[in-house]
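Below is one structure, written out as structure tokens; comments come after it.
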Amino acid sequence: MRADPLRERVATLIADVSGGEVSAHEVLESTGPLTASGVSSLTFLRLIDALEGEFDVFFDLDADLDFVEDLDSLVAHLTRHGVAVGDG
């Protein structure tokens, strides 16, 4: 199966903003909530900031943020908003 570049990039961003609490590999292998992988609420805020900066998207922190529950729902949300990462 071919790797999804957006999924890999988001996992790398999560690892970067976690300050070493979680690795990109752990995020990619996780099938549960990001919090189960060790992602804290502070990391979520840092992640939102990183995603907004990198992909030029906006997250309303007063809105429903359930899509940030796990990696796949986050990637699906970004994809629905036109975000893509080239793989070449």
Side-chain angles (χ1 to χ4, degrees):
M1 184 167 119
R2 193 165 160 227
D4 177 355
L6 178 57
R7 191 171 190 274
E8 290 180 356
R9 182 61 192 139
V10 172
T12 299
L13 283 173
I14 293 169
D16 290 349
V17 300
S18 78
E21 294 297 318
V22 63
S23 72
H25 178 74
E26 290 171 316
V27 174
L28 287 166
E29 293 297 315
S30 174
T31 58
L34 291 172
T35 54
S37 298
V39 176
S40 69
S41 57
L42 179 57
T43 298
F44 276 117
L45 291 175
R46 290 177 178 154
L47 175 61
I48 295 296
D49 187 52
L51 292 168
E52 287 179 338
E54 178 144 342
F55 299 123
D56 195 28
V57 294
F58 174 75
F59 295 96
D60 182 357
L61 296 179
D62 291 327
D64 182 13
L65 295 176
D66 284 346
F67 63 86
V68 186
E69 175 73 14
D70 59 57
L71 178 62
D72 291 330
S73 61
L74 178 54
V75 170
H77 179 81
L78 291 169
T79 300
R80 282 192 302 275
H81 286 84
V83 173
V85 174
D87 60 349

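- Considering every non-hydrogen atom in both Asp70 and Leu34, the closest pair reads CA-CG, 3.8 Å.
- Taking CG of Leu28 as the reference point, atom CD of Glu8 lies at 6.0 Å (rounded to 0.5 Å).
- From Leu47, atom CG reaches atom CD of Glu52 across 10.0 Å, with rounding to the nearest 0.5 Å.
- If you take OG on Ser23 and CG on Asp16, they are separated by 11.0 Å, rounding to the nearest 0.5 Å.
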Next on the checklist: Let's go through His77 and Val83 carefully: what are the C-alpha distance in whole Å and the side-chain angles of both, what is the deciding distance for side chain to side chain contact (heavy atoms under 4.5 Å, CB included) to 0.1 Å, and is it a yes or a no?
Outcome noted: CA-CA 9 Å; His77 179 81; Val83 173; over 6 Å; no
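- Other residues, nucleotides and ligands contribute at most 12 non-hydrogen atoms within 6.0 Å of the CG atom of Asp56.
- Annotation: the span from Phe44 atom CZ to Leu51 atom CG amounts to 11.0 Å, rounded to 0.5 Å.
- Shown here for Leu71 and Ala11, the closest heavy-atom pair between the two residues is CD1-N, 4.2 Å.
- Grouping the Ile, Leu, Val, Met, Phe, Trp and Tyr side chains by contacts below 4.5 angstrom, directly or via other members, places Val17 with Leu45.
- Going from atom CG of Leu74 over to atom CD1 of Ile48 covers 7.0 Å, rounded to the nearest 0.5 Å.
- Sorted by first and then second residue, the side-chain hydrogen bond (donor to acceptor under 3.5 Å, both in side chains) pairs involving residues 37-46 (not counting sequence neighbours) are Ser30-Ser37, Ser40-Thr43.
- One hydrophobic cluster, built from ILVMFWY side chains closer than 4.5 Å, holds both Val10 and Val57.
- Annotation: side chain of Phe55 is in contact with side chain of Arg9 (closest heavy-atom distance under 4.5 Å).
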